[in-house]
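Here the structure comes first, spelled out in structure tokens, and everything after it is commentary.
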Amino acid sequence: MDMSQPPLKDDLASAFAWWREAGVDCEFTDDATAWLGDEASKNDAATSGEAVKPAQPPANAAITREEPKAPIVERLDLLGPNPPQTLEDFHTFWMETPGLDAIGPRGRVPPRGKSEAQLMVLVTDPEELDRGRLLDGPQGELLSQILRAMGMQEDEVYIASALPRHTPMADTATIAAGGMDAVTAHHIGLAKPKAVLALGSNILPLLGTKSPKEPASLREINLGHLPSPVMVTDGLDSLMAMPRLKARFWRRWIEWSAENL
């Protein structure tokens, strides 16, 4: 019998191709497993003839778990003593104020659109190759398709980012704690949209909200001083990488927009 061909080869290849198409090509887990360490300790015990017993704490010992300490972040008044009073003034402030990021004004990407739009689309940061126009790459193309499907003209939507430049792996909780959440709130207040669509799994701290494990499950964020209803969902990069998220986005959008637009 020829055993050189692995059984179910074609079925396995089809299954792997299906998962790759869905954007799942890695296995993820939250808990680290010491595979080699555990196996080595078992082998050593087996070689010495000792029985392997799980470690037990003393009967009267108190088990404590040390919580990681959050970094101390100095909160700054990034808006300054004279915050911009109009959306046009904010655009100038966004492009010229040094303290909004560690690099400075050079290379920032401005928001686009007019105030009091029916919808404000807020992303965490610009695309990597954005220069003079926000979302000028593949993510922007996807957003254009989404807006057309919504029946909206792109030039009637206010499009902005919560950070002034492309910031890979942004620690938005730390950035927000440093005062950038107040800048985002002021920006939305000046734009005065009827509703806000916030795109990004890590954008919630910049909206003044602690990020839950599944931000896409939220239907609305109560920002208190901001009258606009807000829908938070996955980022454009995630929607591009995992098609199944698009279906979930549309289900939530249809329900949410029917109530808020």
Side-chain angles (χ1 to χ4, degrees), residues 69-128 130-136 156-212 215 218 220-232 235:
K69 295 182 179 179
I72 299 176
V73 180
E74 180 184 2
R75 186 169 183 84
L76 303 174
D77 181 8
L78 298 177
L79 291 168
N82 299 305
Q85 298 301 307
T86 66
L87 192 58
E88 291 73 17
D89 290 342
F90 183 88
H91 288 184
T92 301
F93 164 86
W94 187 254
M95 298 299 291
E96 298 180 0
T97 303
L100 297 184
D101 62 72
I103 297 176
R106 184 170 61 88
R108 291 179 183 170
V109 184
R112 52 189 172 98
K114 300 178 181 179
S115 63
E116 300 185 28
Q118 183 180 18
L119 182 69
M120 175 178 181
V121 174
L122 182 69
V123 297
T124 302
D125 61 336
E127 292 190 70
E128 182 177 3
D130 285 354
R131 294 299 179 263
R133 186 176 186 271
L134 181 62
L135 299 182
D136 201 25
E156 297 176 354
V157 176
Y158 187 75
I159 301 174
S161 60
L163 301 178
R165 68 177 70 253
H166 179 62
T167 311
M169 305 295 290
D171 183 357
T172 53
T174 299
I175 296 172
M180 203 63 185
D181 55 350
V183 175
T184 304
H186 193 70
H187 189 179
I188 298 174
L190 291 175
K192 300 177 182 177
K194 183 176 181 181
V196 178
L197 173 63
L199 299 163
S201 59
N202 62 343
I203 200 171
L204 284 180
L206 293 163
L207 293 171
T209 304
K210 292 183 179 180
S211 179
L218 296 180
E220 185 175 276
I221 297 178
N222 182 9
L223 298 177
H225 56 288
L226 296 177
S228 302
V230 181
M231 173 178 159
V232 180

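Within the 4.5 Å cutoff, no side-chain heavy atoms of E128 are placed close to those of P168. Residues L190 and T86 form no side-chain contact, since every pair of their non-hydrogen atoms from C-beta on lies 4.5 Å or further apart. D130 is not listed as a side-chain neighbour of H166, based on a closest heavy-atom distance of 4.5 Å or more. Proximity of L122 to L206: side-chain heavy atoms (C-beta onward) are nowhere separated by under 4.5 Å.
Shown here are the side-chain contact (heavy atoms from CB on, under 4.5 Å) partners of A195, two or more places apart in sequence or in another chain: L119, P229, W256, L261. A177 is linked by a side-chain contact (heavy atoms from CB on, under 4.5 Å) to V73, counting only residues two or more places apart in sequence or in another chain. Shown here are the side chain to side chain donor-acceptor pair (under 3.5 Å) partners of T172, two or more places apart in sequence or in another chain: there are none. Taking the side chain to side chain donor-acceptor pair (under 3.5 Å) definition, one finds that R75 meets it with D181, sequence neighbours left out. Applying the salt bridge (Lys or Arg N to Asp or Glu O under 4.0 Å) criterion to D136, with sequence neighbours excluded, gives R133.
Summarising the geometry, atom CD1 belonging to I72 is positioned 11.0 Å from atom CD belonging to E74; distances are rounded to the nearest 0.5 Å. Note that CD1 of I175 is 8.5 Å distant from CG of N202, once rounded to the nearest 0.5 Å.
Residue pairs meeting the salt bridge (Lys or Arg N to Asp or Glu O under 4.0 Å) criterion with at least one member in residues 85-98: none, sequence neighbours excluded.
When atom types are taken as modelled, the side chain of H186 and the backbone of F90 share no donor-acceptor pair closer than 3.5 angstrom.
Listed here is the closest heavy atom pair of L78 and G179: CD1-C, 3.6 Å. Nearest heavy atoms, L100 versus M180: O-SD, 4.0 Å.
T124 pairs with exactly one of T167, I203, L199 by the side-chain contact (heavy atoms from CB on, under 4.5 Å) rule, that one being I203.
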Please set out all donor-acceptor pairs under 3.5 angstrom arising from side-chain atoms of residues 106-115, sequence neighbours excluded.
from	atom 1	to	atom 2	distance (Å)
R108	NE	D101	OD2	2.9
R108	NE	G104	O	3.4
R108	NH1	W94	O	2.8
R108	NH1	T97	O	2.7
R108	NH2	T97	O	2.7
R108	NH2	P98	O	3.3
R108	NH2	D101	OD2	3.3
R112	NE	L134	O	3.0
R112	NH1	E154	OE2	3.1
R112	NH2	L134	O	3.1
R112	NH2	E154	OE2	3.1

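Aromatic ring centroids of H187 and Y158 lie under 6.0 Å apart.
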